[in-house]
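Proteins come first, then strands; the chains are lettered A, B, ... in the order of their sequence lines, and each starts at number 1.
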Amino acid sequence: MIEKNYQPADIEARMSVVWEDSLAFKAGRPDRRDATPFTIVIPPPNVTGSLHMGHALNNTLQDVLCRFERMRGRDVLWQPGTDHAGIATQMVVERQLMERQQPGRREMGREKFLERVWEWKAESGDTIINQLKRLGASCDWSRERFTMDEGLSKAVIKVFVELHRDGLIYKDKRLVNWDPKLLTAISDLEVQQVEVKGSLWYLRYPIEGKSFSPDDPASFIVVATTRPETMLGDTGVAVHPEDERYQKLVGKHVILPLVGRKVKIVADDYSDPEKGSGAVKVTPAHDFNDFEVGKRHGLRQISVLDKEGCLDLVDNEDYLRDLPEGASQFAEEFHNVERFAARKRIVERLEAFGFIERIEPHTHTVPHGDRSGVVIEPFLTDQWYVDAKTLAKPAIAAVRSGATTFVPKNWEKTYYEWMENIQPWCISRQLWWGHQIPAWYGPDGKVFVAETEEEAVSHALGYYVEQEVITPEQGREMALDRNKREGIITRDEDVLDTWFSSALWPFSTLGWPDDTPEVKRYYPTDVLVTGFDIIFFWVARMMMMGLHFMKEAPFSTVYIHALVRDEKGAKMSKSKGNVIDPLHLIDEYGADALRFTLAAMAAQGRDIKLATSRVEGYRNFATKLWNACRFAEMNQCVVPEGFEPAKATQTLNRWIAHETAHTTREVTEAIEAYRFNDAAGAIYRFVWNVYCDWYVELAKPVLLGPDGPAKAETRAMVAWARDEILKLLHPFMPFITEELWEVTAKREELLTLASWPLKSTGPTAEELAMVAASMPNDGAFISPMVLPIFDHADFTDPAAEAEIGWVIDLVTQIRSVRAEMNIPPATLTTLVLAGASPETKERAPRWVDVIKRMARLSDISFADRAPDGAVQILVRGEVAALPLKGVVDLAAERVRLDKEIAKADADIKRAESKLANEKFVANAAEEVVEEEREKREAALARKAKLLEALERLKQVS
RNA sequence: GGGCACGUAGCUCAGCGGGAGAGCACUACCUUGACAUGGUAGGGGUCACAGGUUCGAUCCCUGUCGUGCCCA
């Protein structure tokens with residue numbers, strides 16, 4: 001028994017339990033042992049995060065695919081799990097400690113702090129998983145993984161060790177993006193370029209050997225900079241080699257103001273003669289470009305900042321080297337001054353001595369940390385790097401060859417662009433939460449990379465014995481006795497970039513590096529569904545790692561969906577406060593409505609600007625479906641054993657079978673092509689505008705009439721079509737459809753495991769091969785879409801279409817005319833079918849009840865010609881007359897007819913002018929020309945009838 | 001500066017070489033035996049602008065203007 005009202009919350013709670021108890025989503029169910037696997041790995045959300053709109057969209061689309069393929073009989077594995085999200089999670093816990101005024105991370109120490117993070121994970125880690133379940137995600141929850149799981153950690157260690165062994169991971173001292181707030185290096189991708197209104201300072205650097213005077217331009221060179229405070233670390237001045245202004249100065253030196261360091265003037269085309277003064281200061285330790293310039297000219301690298309972004313001058317040997325007397329006094333004065341304060345004070349000091357020529361307002365982009373929001377400092381440190389350039393090569397090739405394709409295709413360009421210009425990937429992070437790097441250092445700094453500490457120890461002992469640092473005897477003792485190893489090696493403190501473990505996700509979750517049956521069966525995966533914002537972070541890196549370690553690309557298709565934006569098109573973010581919480585929408589309208597909205601708006605290549613009104617509209621759609629099913633139930637509609645819709649005899653029933661088959665094809669093909677919006681649109685229109693608006697309405701007289709074969713067949717068909725609807729809609733609205741499936745009949749299985757109505761829209765591989773062989777090989781790929789197999793061919797019934805189409809047109813037009821003539825619904829009128837064709841005469845009696853009911857008529861009759869003074873409409877070329885003499889204003893009818901005639905005239909004119917155009921007739925496709933002729937004929941016929949009608953009207957008045 | 005999108009009904013969006021579509025909103029009418037979370041009918045758009053290709057352009061090409069995103 002279906003409840004009177006549709007209550008999403010009740011249904012959703014109950015169905016979640018039903019699915020869970022039945023293990024419906026478990027991969028590798030025995031009954032699917034011989035089925036082809038279908039695998040998707042979830043983009044793992046942050047373990048302590050909560051569901052946002054992006055997740056809702058991303059997971060709705062994955063779920064549509066998984067439920068669709070599951071119903072098509074595949075052995076579906078949707079692999080769920082969460083990401084440890086290094087920086088983000090560590091920050092959250094640190095903030096928590098601060099808010100609770102508890103000891104900070106450093107005071108706690110590494111071990112205690114990590115315990116604390118694990119506690120937080122235990123507390124909040126289920127949130128996001130439960131939210132995904134509320135959305136209806138049909139993951140195999142029994143296989144949930146976490147990037148810091150034992151198994152996944154094992155994979156991470158193995159990958160690191162192997163890549164290091166192969167020279168693809170190495171340690172290097174170079175400039176990194178340093179976050180002075182989080183005190184860690186970050187990768188290029190974690191840096192956000194922000195446009196900032198700043199200044200350009202023009203500094204005067206005195207030329208060596210000349211006596212400096214602000215009034216004597218020959219005594220100095222002007223350099224322009226956006227970061228005056230870094231001048232303390234300057235080790236050169238660069239001018240363009242072809243810049244005539246400065247050619248004489250190249251090779252000479254300037255004396256750095258305030259500092260007194262002697263600095264060389266070099267020629268380098270990095271300096272742009274058009275910009276600023278044409279001369280730039282070179283600070284190799286604090287700027288990426290300057291670093292390169294410095295390398296080209298052998299300039300020293302002097303770091304003048306510490307990890308926290310404060311000036312570091314006292315005891316800074318690099319800084320103090322070769323400085324004149326008195327330099328240490330300045331160093332002491334400015335030591336430990338924060339970088340922005342330092343900028344201000346140094347500018348003041350320079351100004352006081354006449355070293356500033358001028359200051360211009362200047363807008364430029366400044367790198368910011370995407371997590372901390374502070375300005376990133378290029379900083380010279382030792383870090384671990386992945387040789388991304390080498391790994392990128394096969395990853396590029398896999399997409400070029402089509403082994404992996406992007407949908408929509410244009411993202412491939414973005415992918416190539418990035419991959420072909422890829423930089424070494426900095427993977428070490430100065431954090432505690434994450435996979436600690438499996439590298440150990442000896443007392444002399446020698447590094448030993450190994451999977452375990454034991455192994456590292458043995459490497460180290462071997463090495464130091466060989467180097468004769470210790471004797472073989474000592475080595476043996478240390479190997480045997482842990483207590484004697486004190487100080488031999490210490491582990492690298494750093495952890496790996498979170499994306500390092502994410503890059504392994506498609507195989508680490510299946511049990512790799514162990515040789516598990518899951519790895520064999522489910523790798524490579526079928527499709528990856530994700531947003532374009534993480535193509536670089538994640539997709540590219542999975543491609544690299546997958547190809548390197550598994551020798552096969554991790555997925556054959558990458559479906560890139562839109563970003564969900566706010567109504568203004570801006571990215572939703574907490575800081576902007578424009579976030580729409582999907583859970584609120586679920587509470588208000590139900591998960592099904594939210595899912596349907598997202599799917600319906602997921603057109604390829606366009607962002608989604610979410611409007612709540614759409615969600616409401618689709619909730620109404622769910623209600624509509626609910627009530628249609630109630631109607632079927634009230635009329636005892638059930639599908640009898642062995643019912644074959646193709647064998648239906650009633651025209652109406654043949655028609656709905658035909659329409660259902662058509663929709664089935666539309667929905668199936670659209671999902672196959674990742675056109676989620678088309679699929680959603682097709683099923684929506686079918687349910688509301690075909691099944692509810694017409695089929696059910698047209699079936700009512702039969703269902704309410706006397707028992708008999710027609711009624712029995714109609715009851716069966718109403719139920720059959722309903723079941724087909726539930727199946728087609730299930731991937732989009734799983735909860736309501738499963739509920740209705742359960743309550744409308746005794747079922748052998750859950751809807752979620754039922755068979756999809758259409759197995760395949762294309763030929764099998766064999767058939768394709770046959771077709772290909774029989775055709776001249778022009779290299780063209782024959783898409784399965786082009787050669788559809790009509791499983792539902794039995795249902796095509798043009799005669800039924802024509803008959804029902806006539807009924808629909810007739811009813812619609814009568815309604816329209818009645819509304820136009822302001823005939824109140826309560827007024828019943830009569831209908832005269834004038835000069836009806838034999839076809840119409842044969843059809844009409846079958847539909848009298850329906851037409852009377854729907855068009856609000858009292859009687860339908862035939863006549864040779866329309867009665868005088870009747871409103872006359874044209875339905876498929878024949879006149880239908882409503883004798884309304886006295887009911888309506890005949891003048892109004894004349895106006896209406898005039899309008900109709902004018903319309904027909906316009907159509908005739910348009911068609912004729914086209915047909916009169918020789919070029920059109922000569923160039924346009926045959927069908928198009930023919931179509932135009934038909935249009936002309938139809939319009940001419942229509943006009944003739946309308947003129948007759950007008951004539952008759954005139955005779956009356 | 002380079003790249004990628006996008007400007008279609010009041011709003012949110014489909015469509016895309018042969019007569020402009022949906023949902024919501026709006027107007028009028030309707031509590032008809034599934035449904036007022038509903039039904040019926042209707043109004044509303046030189047498809048940003050300017051050129052070009054074509055027999056034919058909202059759709060393809062070029063440019064302009066505007067908006068958004070990504071990368072320097």
* Partner of A:Y674 by side chain to side chain contact (heavy atoms under 4.5 Å, CB included), out of A:I560, A:L61, A:V407, A:V64 -> A:V407
Suppose you measure atom [atom1] in [N] against the same atom in [M]; what distance do you get, rounded to whole Å?
N	M	atom1	value
B:G51	B:A41	C1'	43 Å
B:U67	B:A72	P	24 Å
B:C60	B:G68	C1'	24 Å

Is a side-chain N or O of [X] found less than 3.5 angstrom from the main chain of [Y], in a donor-acceptor match?
X	Y	result
A:E666	A:I683	no
A:E12	A:G590	no
A:D592	A:F735	yes
A:D287	A:T283	no
A:R856	A:P825	yes

* Structure fact -> Walking RNA chain B from its 5' end, the first of A:A600 and A:T365 to be reached, judged by nearest nucleotide, is A:A600
* Start at the 5' end of RNA chain B and walk down; is the nucleotide closest to A:N620 or to A:I908 reached first? -> A:I908
* Does A:R400 make a cation-pi contact with A:Y416, if we ask for NZ or CZ under 6.0 Å from the ring centre and within 45° of the axis? ->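 Yes, cation above the ring, under 6.0 Å and within 45°.
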* Asked: Quick one: does NZ or CZ of A:K624 land under 6.0 Å from the six-membered ring centre of A:Y684, within 45 degrees of the ring axis?
  -> no
* Asked: salt bridge (Lys or Arg N to Asp or Glu O under 4.0 Å) with A:D859: which residues, sequence neighbours excluded?
  -> none
Reckon [X] touches a base, only the sugar-phosphate, or nothing at all at heavy-atom distances under 4.0 Å?
X	value
A:T812	sugar-phosphate
A:D907	base
A:Y618	nothing
A:R815	sugar-phosphate

For [X] and [N], what is the distance between atoms [atom1] and [atom2] respectively, to the nearest whole Å?
X	N	atom1	atom2	value
A:K409	B:C4	NZ	C1'	17 Å
A:W418	B:C69	CH2	P	20 Å
A:L585	B:U37	CG	C1'	16 Å

* Asked: Just to confirm, is there a sub-4.0 Å distance from OP1 or OP2 of B:G3 to any side-chain nitrogen or oxygen of A:T414?
  -> no
* Would you say a side-chain N or O of A:W411 is under 4.0 Å from OP1 or OP2 of B:C69? -> no
N/O to N/O distances under 3.5 Å, protein versus nucleotides 51-58 of chain B:
residue : atom : partner : partner atom : Å
B:C55   : OP1  : A:N923  : ND2          : 3.0
B:C55   : O2'  : A:N917  : ND2          : 2.8

* Contacts of A:T530 that satisfy side-chain hydrogen bond (donor to acceptor under 3.5 Å, both in side chains) - sequence neighbours left out ->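 A:T530: no side-chain hydrogen bond (donor to acceptor under 3.5 Å, both in side chains) contacts found.
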* Structure fact -> By side-chain hydrogen bond (donor to acceptor under 3.5 Å, both in side chains), A:T714 pairs with (sequence neighbours left out) A:N653
* Asked: Knowing that exactly one of A:K935, A:R942, A:R936, A:K943 qualifies, which makes a side-chain hydrogen bond (donor to acceptor under 3.5 Å, both in side chains) with A:D907?
  -> A:R942
* Structure fact -> Dot-bracket assigned to RNA chain B with the 3.5 Å Watson-Crick/G-U criterion, [ ] for crossing and | for other-strand pairs, is (((((((..((((....[..)))).(((((.......))))).....(((((..]....)))))))))))).
Atom pairs, protein N/O to nucleotides 26-36 of chain B N/O, distance under 3.5 Å:
residue : atom : partner : partner atom : Å
B:A34   : OP1  : A:K700  : NZ           : 3.2
B:A34   : O2'  : A:N627  : OD1          : 3.3
B:A34   : O2'  : A:R630  : NH1          : 3.1
B:A34   : N7   : A:K700  : NZ           : 3.3
B:A34   : N6   : A:E697  : OE2          : 3.0
B:A34   : N3   : A:N627  : O            : 3.1
B:A34   : N3   : A:A628  : N            : 3.1
B:C35   : O4'  : A:N627  : OD1          : 3.4
B:C35   : O4'  : A:N627  : ND2          : 3.4
B:C35   : O2'  : A:N627  : ND2          : 3.2
B:C35   : O2   : A:K624  : NZ           : 3.0
B:C35   : N3   : A:K624  : NZ           : 2.9

